[in-house]
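One structure below.
Residue numbers begin at 1 in each chain, while the letters A, B, ... track the order of the sequences.
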Amino acid sequence: MAEQASTATPITLIEAITQALAYEMRNDPAVLVLGEDVGVNGGVFRATAGLSATFGPERVLDTPLDETTIAGLTVGMASQGMKPVAEAQFDGFMYPMVDFIVCHAARMRYRTRGRLTCPMVLRVPWGGGIRAPEHHSEANESIFTNVPGLRVVLPSSPARAYGLLLAAIRDPDPVIFMEPKRIYRQYKELVPDDGEALPLDVCYVLRDGSDITLVTWGAQVKETLEAADALAKDGISAEVIDVATLTPLDFPTIAESVAKTGRCVIVHEAAKTAGFGAEIAARLAEECMYDLVAPVERVTGYDTHIPLFRLEMKYLPSVDKIVAAVKRAMAHA
Amino acid sequence: MAEQASTATPITLIEAITQALAYEMRNDPAVLVLGEDVGVNGGVFRATAGLSATFGPERVLDTPLDETTIAGLTVGMASQGMKPVAEAQFDGFMYPMVDFIVCHAARMRYRTRGRLTCPMVLRVPWGGGIRAPEHHSEANESIFTNVPGLRVVLPSSPARAYGLLLAAIRDPDPVIFMEPKRIYRQYKELVPDDGEALPLDVCYVLRDGSDITLVTWGAQVKETLEAADALAKDGISAEVIDVATLTPLDFPTIAESVAKTGRCVIVHEAAKTAGFGAEIAARLAEECMYDLVAPVERVTGYDTHIPLFRLEMKYLPSVDKIVAAVKRAMAHA
Amino acid sequence: MTVAAQFEIEYLQYLGPDGKPVAELPQAFRDPATLLPLFKQMLYVRTFDTKSIALQRTGKLGTYAACLGHEATHVGIGASMRPEDVFAPSYREYGAQFMRGVRPREVLLYWGGDERGNDFQGPKNDYPWCVPISTQCLMASGAALSFKLRKQDRVAVACCGDGGSSKTDFYAALNSAGAYSLPLVLCVINNGWAISVPRAAQTGAQTLAQKGIAGGLHCLQVDGNDLVAVLEAMRRATLRARNGEGGSVIEFMTYRLHDHTTADDARRYRGEDEVKAAWTREPMLRLRQYLTDAKLWDEAQEKAWLEECGRLVDIEINAYLETKVQPVEAMFDYLYGDPPPDLLAQRAAAIALDKAALEKRNG
Amino acid sequence: MTVAAQFEIEYLQYLGPDGKPVAELPQAFRDPATLLPLFKQMLYVRTFDTKSIALQRTGKLGTYAACLGHEATHVGIGASMRPEDVFAPSYREYGAQFMRGVRPREVLLYWGGDERGNDFQGPKNDYPWCVPISTQCLMASGAALSFKLRKQDRVAVACCGDGGSSKTDFYAALNSAGAYSLPLVLCVINNGWAISVPRAAQTGAQTLAQKGIAGGLHCLQVDGNDLVAVLEAMRRATLRARNGEGGSVIEFMTYRLHDHTTADDARRYRGEDEVKAAWTREPMLRLRQYLTDAKLWDEAQEKAWLEECGRLVDIEINAYLETKVQPVEAMFDYLYGDPPPDLLAQRAAAIALDKAALEKRNG
Ligand SMILES: Cc1ncc(C[n+]2csc(CCOP(=O)(O)OP(=O)(O)O)c2C)c(N)n1
Ligand SMILES: Cc1ncc(C[n+]2csc(CCOP(=O)(O)OP(=O)(O)O)c2C)c(N)n1
Ligand SMILES: [Mg+2]
Ligand SMILES: [Mg+2]
């Protein structure tokens, strides 16, 4: 709830989102929130819980049920001096927004030589693993990663969610902000409501290691850290990097790690082919070939749709799959 | 023109498209064409010229001006036993189709366990270099390459256009068929109207070489072959592969070539980051590390939007850029 | 003043909330006996709905979208179609689907997280449940176009909600149906709410029926709690469609008596009073009264039939509960008609992994 | 029969094709002197259009979309707006844009392949030309929403074509304008054709104006070749918008006298007769007659003014032709407010490459 924003109790990732929204709405009158059910209902995941009561319905707009509308209104408002934070209710409902994001949001500044800009954020609960119905479990970040002019951000902890969302709202350009819904409530941490934004083009080294670099983002950070723990028991020291800001990509942090470890496994839940992991592997092939002592591996979703929930966990990368890939990499010297 | 279909004169790539459409419309009554201006007008690029006259307006449907509509009607017809070939007038107008392509076309078979299917083709004039207005020059293939259930095809010669379009129409699943508009009329070749389809998951080795593998697709095949010619003069033997069917990818053909040459430069006109070249480089990093004697390079569009036409040629990969990349690769032994 | 165009939207209601006729019943439905099997079907649907909710509450089903209160609209729509027509549902029109031969166990499988729920054994060409709102309307328009082009005497019927009528795909459906004069019936089931967003917030239009005017379609607004009105509206619309007179938009006024889905808590956003009032207008009440007045129904019959419904639904529930999870390869086997080599390799790897995990688990 | 809703669409026309009033002129435009500057502006626009086409034909401009025949509609729309309003054009409403301060050289730069054409020195908040059909309508709805939320007395005006009125974004614009009761005027410029597709193939609706009914908007159909009708329609719609009465859809009936663009050949798909007939209804003819009848205009004045127009347009053309191509880094410099390091590295590489190429060329 917005009112609890400044208390010093540990909060979940989703609460950190709410806290950041409330902070920035207090801080900047140009900021407003819009989406389906974001008002009185506080969002289907409660990300906007309390905001309507605190800031009023004119700053927390329930929209008609149409994602094209949400995207178009958002671009329209952003290009006229407001800072809208739009919500797509689920990842699978984002596709009708692609046109406005690609043709207008990502190009407004470019097209008008800076005369008009598009400082907006599109928040999207992202990814699988919550036993939800169809189209509620998609890891579709790569729809946007080849689009210049956008930023694609995907935090994986309450603190990073808070700091990166603030940064996204303040950024002068459109940011696609994907939220790993599977870990919305995974754990709590202290996130001071100090309005401190995090940088938008930095990868986070979550764990130091010397034998192999594990690169991941989103909910998979959980499995990857667990895999690193398991590997440690086998004497394998894994460095874990949360990419967090996919595009523009902070490759130097990854390169530096691989220069040290010589090995890299990339973990993501989107399908493998042309998933964003490909870009990281490609950069490694281009820039770090002489550092690598083992082939790069990607542990990803299979090249099929994430199944309905009876099978979905078999689709997603798991600790076992990560450990197996690392062991294959460690077999190279 | 459809009527000239069986004559034995050399034809351009765009004429090969028309020839394939006419062939398959004669061959299969379930095939129909729809899009904006495809009827009497014969399409803005004349791809459907003559088809309305030959097959009648019920098989060559002008649609209302809405790409969502085109996509939705196409999926609706395909799932009820027809084989629609839809046209998006230009690459930049394809984005509103993404929702139907991703949520329905690519999933119809999967979702219904094979009860309903979606045998459709979406034809799209693709890419830059024709001094066209805004949104008429985009290389946006990677919007679709991470989507399971689709095929993304991109021919680069009249013969391949003919054979691959036939294959695409006959394929039981949705195919995104992108046509490099810059080389629509680049040259003519003899394309017998024999109804012979080409396989849909095969890369084409256009030129044999031993020193380096150049992997490309679409209009860039032209510059890449020219670069190979230029390199030959310098004593560098470049193998040139036209990927042609991006997804599902025929990686073995590429791997086999790189096993021989030890070097690879990937050329495409889309922006670099998370362009489809990343997937090929990633596969090389995973599967061919021990074959590579030089880092992989990508010669691509920059990570910005293709500019309006006064600057567009400076955005696109050029022979010079390709040659320079090859020379860098050749410096590694 | 020069007038360019004029329009009028008719409202249909035959049975008032108290079960008394408010207008002369249409010829086709004047004999109450024709309504009896449909009333029984409505009771069956409600039984199914109640048990499904219970199933979800006890953890045996995933999120479930109830149809409480929509029974007259759903059953009436299903009853108005021919087998060869095509139905494109959203996600709660079980009443219509049962009339078309979809089995309750399929509904449960779908909400139970198993794609086989969409592999209807009955209506082979009907569309599966459709989560992306209103996209089914446009697919149905495409289906209708395919019927027209092939000169088939078939109608496509699509349902969406009041919220769904804001979706651009809904507009695309009516625009294309008008442009090609297609045999399409767009059923807008106005149950007052789109999750937490009330009907009034969706649009400035006085009725949702009038959206059809934008495409030159036939428009009707009907009392969706009145089975007779539903049947009559559908009769007119399907007749027009079959006669080549083109598409219709019908707005069915009903009410969502349950939460949006089992994942929702409607108390957050709507008042008790509104729900209480809606219960006085719900569809069973009036039809039961009407049939009772016509001496076609009584309490004993109802009791017996409800018992039978319970028994029938339990058979379906058991069939669902007994359906084994698909093998891991099921996620690969329905993606392409002609699966590519890389995918087959992933499939083999997944099977191997699964086997290894099983062996590990079994010791 | 119970009626749920009724609608009527008014048609506005004041000056017939022969320049004689067909109805009493509205108060605000009864003095012909108010029309004179707008007529002159229409002539200026036509001069610009003619010269631009010639420029394209001689290879000095890229594809160009002419506005021949649309002058009354375009100029009338532009004349009805206040500077602080926001205009969202499609791609041929130069007449409206010139009224708002867009310079002809900017139009030429845009069609000449240079993004700086969109960096209007005049109306800083107006939208740039919009190639993806009708998306400007929905952005304008967003702009209108931002005005309403900030309690600014501003109106957003968007234009699209008859074809554009089929686009889902157009529907989304009217739906949202209705839902939020926004100060938005949607101008549908019905020129009979969407490239080769005639108006009749776009929709089954008798008028395009009636699409507004779908969103509960105010709807009007007007003779778009009659400047007075255009002005009156816009006056009513902007007044409603400013009074908080919400959005409007206005259909302007005009005709595309030229090919779709210079890349098109309309003879492929439309008959000469239709075009010939349209020339008798074109907007200059009647307004010239009306002003001549009012003794405000004569041949000599026209000749002098056209010469002046030619001179003025030539200044703009020369300014365009003299504008140097942007440096290569221009493709990097307006992408992000805060450009990332990788992009800056690409920028540096592109500059170096360009320099090397230049040096190579220069020996
Ligand atoms: C494209 C899309 N956006 C959002 C959702 C999430 N969602 C599911 S149902 C629903 C409300 C639907 O309301 P309505 O159309 O009135 O149908 P009802 O549920 O009332 O039957 C929403 C927003 C969705 N399924 N699809
Ligand atoms: C989304 C999209 N699809 C297709 C096109 C190609 N196109 C450009 S103009 C046009 C026809 C527009 O017709 P209309 O809306 O009537 O406007 P007019 O050109 O007649 O003014 C088309 C199909 C486009 N620009 N954008
Ligand atoms: Mg509803
Ligand atoms: Mg037009």
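Looking at L249(B), the atoms closer than 4.5 Å to chain C (heavy atoms on both sides) all sit in the backbone: N, CA, C or O. Using a 4.5 Å cut-off between heavy atoms, V86(C) contacts chain B through its side chain alone, with no backbone atom that close. Interface residue A143(C): backbone and side-chain heavy atoms are both found under 4.5 Å from chain B. Heavy atoms of C137(C) lying under 4.5 Å from chain B are absent altogether. Only the side chain of L32(B) has a heavy atom closer than 4.5 Å to any heavy atom of chain C.
Comparing L145(C), L149(C), L343(C), V131(C) by how many heavy-atom pairs each has under 4.5 Å with chain B, the most go to L149(C). The greatest number of non-hydrogen atom pairs below 4.5 Å with chain C, out of G81(B), G149(B), P64(B), P252(B), is found for G149(B). Heavy-atom pairs under 4.5 Å with chain B were tallied for A144(C), A330(C), A140(C); the largest tally goes to A330(C).
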Please tabulate, for the side chains in residues 157-164 of chain C, all donor-acceptor contacts under 3.5 angstrom to protein atoms that are two or more places apart in sequence or on a different chain.
residue : atom : partner : partner atom : Å
D162(C) : OD2  : W193(C) : N            : 3.1

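Across P172(B) and G337(C), no two heavy atoms sit closer than the pair CG-CA, 4.0 Å.
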Give me a line-by-line list of donor-acceptor atom pairs from chain C to chain B that are under 3.5 Å apart, or tell me none exist.
residue : atom : partner : partner atom : Å
N118(C) : O    : R115(B) : NE           : 2.9
N118(C) : O    : R115(B) : NH2          : 2.9
N118(C) : ND2  : R111(B) : O            : 3.4
P123(C) : O    : R115(B) : NH1          : 3.4
K124(C) : O    : R115(B) : NH1          : 2.7
N125(C) : O    : Q80(B)  : NE2          : 3.0
D126(C) : O    : R115(B) : NH1          : 2.8
D126(C) : O    : R115(B) : NH2          : 3.0
Y127(C) : OH   : G76(B)  : O            : 3.1
Y127(C) : OH   : S79(B)  : OG           : 2.6
Y127(C) : OH   : Q80(B)  : NE2          : 3.3
T135(C) : OG1  : H104(B) : NE2          : 2.8
R150(C) : NH1  : Q80(B)  : O            : 3.0
R150(C) : NH2  : Q80(B)  : O            : 2.9
K151(C) : NZ   : E58(B)  : OE1          : 3.4
Y180(C) : OH   : D62(B)  : O            : 2.7
Q326(C) : OE1  : R113(B) : NH1          : 2.9
A330(C) : O    : R113(B) : NH1          : 3.1
Y334(C) : O    : Y110(B) : N            : 3.0
Y336(C) : OH   : G149(B) : N            : 3.1
Y336(C) : OH   : L150(B) : N            : 3.4
Y336(C) : OH   : L150(B) : O            : 2.7
G337(C) : N    : D173(B) : OD2          : 2.6
D338(C) : O    : R151(B) : NH2          : 2.9
D342(C) : OD2  : R283(B) : NH1          : 2.9
D342(C) : OD2  : R283(B) : NH2          : 3.3

